[in-house]
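The structure appears below as structure tokens.
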Amino acid sequence: MSPATRSGTIEVIAGVMFSGKSEELIRRIRRALIARLRVQVFKSHLDDRYGGVAVVSSHTGVQLEATPVDSSAEIYKAVRDNTELLAIDEAQFLDDGIIEVSTRLAERGVRVVLAGIDTDFRGLPFGKMGELMAIAEEVTKLRAICVVCGDLACRTQRLINGRPARFDSPLIMIGGCESYEARCRRCHRVPRHDDDQTRML
Ligand code: ADP
Ligand code: ZN
């Protein structure tokens, strides 16, 4: 069926870091390629820019080539007329225009699959992920394993020099050693103040 006659869809794969979003996105892309669909893969991640090539990579080491993009407009311009499946990784970093771009492409018959982190390190909705989940036909919410207690993890813990990052900590740390962990709601810590011992580990 040509893209014009097929009904398009929006699918969202959402979840915490390490929850398997990239694995799931790669699985859907591979199946589409087996079905000989025309696929385009984009990744919104400025840090990963490298000679115009980026990769969708899972923490298990599986990789797939992607086109790095800064904005939703860039995606819209780069989508070919005959593309049947459009995969976008790290969708939480995209601007507001991603809602209209996804909608227009789905209306054109494209299957749009977006993977992204649903909540930021504070536990608040990340970028346009919430709205994308609302307008999608299909939403897959994934959880990781909490590295503290072994329960299912739905939050991303940001650590700066090994300590939970404060609610108002700067988005970019200079000289600080920052890292991220998957944690459950109970083990997730976001202190409001440096002396907020009740919320610190
Ligand atoms: P995401 O794209 O959501 O960050 P990935 O697809 O890159 O996730 O990686 C998922 C893989 O990460 C799992 O299959 C597992 O092998 C590994 N992993 C590492 N830490 C964890 C964790 N805390 N919980 C679950 N999986 C983890
Ligand atoms: Zn826990």
Side-chain angles (χ1 to χ4, degrees), residues 10-34 39-50 53-69 75 85-94 98 102 111-130 132-133 136 138-160 162-165 167 171 177-191 196-201:
I10 299 175
E11 296 167 30
V12 173
I13 304 165
V16 65
M17 270 175 98
F18 302 103
S19 61
K21 299 182 299 297
S22 301
E23 271 174 1
E24 178 58 23
L25 187 65
I26 290 169
R27 191 183 76 91
R28 292 188 200 182
I29 294 167
R30 288 239 162 94
R31 288 167 65 93
L33 291 171
I34 291 168
V39 175
Q40 276 187 277
V41 185
F42 293 95
K43 180 170 180 170
S44 158
H45 207 307
L46 309 183
D47 300 345
D48 276 2
R49 270 186 179 278
Y50 189 72
V53 178
V55 285
V56 171
S57 61
S58 105
H59 289 106
T60 50
V62 182
Q63 293 193 337
L64 221 125
E65 206 170 282
T67 305
V69 284
I75 296 176
L85 182 132
L86 173 67
I88 304 170
D89 199 13
E90 306 282 10
Q92 75 277 2
F93 292 131
L94 283 168
I98 190 59
S102 304
R111 178 178 164 204
V112 184
V113 187
L114 305 110
I117 301 177
D118 45 11
T119 56
D120 64 18
F121 77 96
R122 299 166 299 182
L124 302 177
F126 210 146
K128 292 310 248 185
M129 285 301 290
L132 285 168
M133 288 160 82
E138 190 187 307
V139 177
T140 305
K141 271 272 236 182
L142 299 174
R143 283 184 282 177
I145 302 298
C146 173
V147 296
V148 178
C149 75
D151 214 339
L152 288 172
C154 60
R155 292 285 180 272
T156 300
Q157 178 68 52
R158 183 186 194 196
L159 299 167
I160 297 171
R163 306 189 63 170
F167 188 89
L171 279 179
C177 157
E178 89 182 301
S179 57
Y180 293 90
E181 286 178 356
R183 293 200 189 180
C184 71
R185 191 186 285 279
R186 267 179 312 144
C187 299
H188 186 235
R189 299 284 182 272
V190 191
D196 189 357
Q197 292 302 328
T198 55
R199 299 283 294 155
M200 299 282 271
L201 273 186

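The analysis underlying the following values was restricted to heavy atoms, covering all of them including side chains, and did not include hydrogens, waters or symmetry mates. Counting convention: from 1, in listed order, for ligands and their atoms alike.
With Phe167 as the aromatic partner, Arg122 meets the cation-pi criteria of under 6.0 angstrom to the ring centre and within 45 degrees of the ring axis.
Using a distance-only test at 3.5 Å, with no hydrogens or angles considered, no donor-acceptor pair links the side chain of His188 to the main chain of Gly123.
Angle SG(Cys187) to the Zn ion (ligand 2) to SG(Cys149), rounded to 10°: 110°.
The structure places CG of Leu94 at 4.0 Å from OG of Ser44, a figure rounded to the nearest 0.5 Å. Taking CG of Leu114 as the start and CE of Met129 as the end, the distance is 7.0 Å to the nearest 0.5 Å. To the nearest 0.5 Å, atoms CZ (Arg111) and CG (Leu86) are separated by 11.0 Å. Rounded to the nearest 0.5 Å, atoms CG (Leu152) and CZ (Arg143) are 4.5 Å apart. Rounded to the nearest 0.5 Å, atoms CG (Leu132) and CD1 (Ile88) are 8.5 Å apart.
The shortest separation from a heavy atom of Leu142 to ligand 1 is not under 4.0 Å, leaving the residue out of contact. Using a 4.0 angstrom heavy-atom cutoff, Gly15 does not count as in contact with ligand 1.
Under a 4.0 Å criterion applied to the non-hydrogen atoms of Val16, ligand 1 contributes the atoms 3 (O). Every atom of ligand 1 is numbered from 1 in the order shown, and the set under 4.0 Å from a heavy atom of Ser19 is 1 (P), 3 (O), 8 (O). The ligand atoms of ligand 1 that sit less than 4.0 angstrom from a heavy atom of Val147 are 23 (N). Near Ala144, with a cut-off below 4.0 Å to any heavy atom, the atoms of ligand 1 are 24 (N), 25 (C).
Ligand 1 has no N or O atom lying under 3.5 Å from any N or O atom of Met17, backbone or side chain. Here's the thing with Ala182: none of its N/O atoms is less than 3.5 angstrom from an N/O atom of ligand 1.
If you check which protein heavy atom lies closest to atom 17 (C) of ligand 1, you get His59 CB, 4.2 Å. With respect to atom 8 (O) of ligand 1, the closest heavy atom belonging to the protein is Gly20 N, 3.0 Å. When hydrogens are left out, the protein atom nearest atom 3 (O) of ligand 1 is Lys21 NZ, 2.7 Å; that is the closest non-hydrogen contact. Ranking the protein heavy atoms by distance from atom 11 (C) of ligand 1 puts Glu23 OE2, 3.7 Å first. Atom 23 (N) of ligand 1 has its closest protein heavy atom at Ile145 O, 2.9 Å. Here the protein heavy atom with the shortest distance to atom 15 (C) of ligand 1 is Thr60 CG2, 4.4 Å. Closest protein heavy atom to atom 19 (C) of ligand 1: Phe18 CD2, 3.6 Å.
At a threshold of 4.0 Å, the pair Glu24-Lys21 does not count as salt-bridged, since none of the basic side-chain nitrogens sits closer than that to a carboxylate oxygen.
A donor and an acceptor atom, one from each side chain of Thr140 and Arg28, are located under 3.5 Å apart.
At least one side-chain heavy atom of Asp118 sits less than 4.5 Å from a side-chain heavy atom of Lys141. The shortest distance between side-chain heavy atoms of Arg189 and Arg163 does not fall below 4.5 Å.
Note on Cys146: counted as a metal contact of the Zn ion (ligand 2), an N/O/S atom lying under 2.8 Å.
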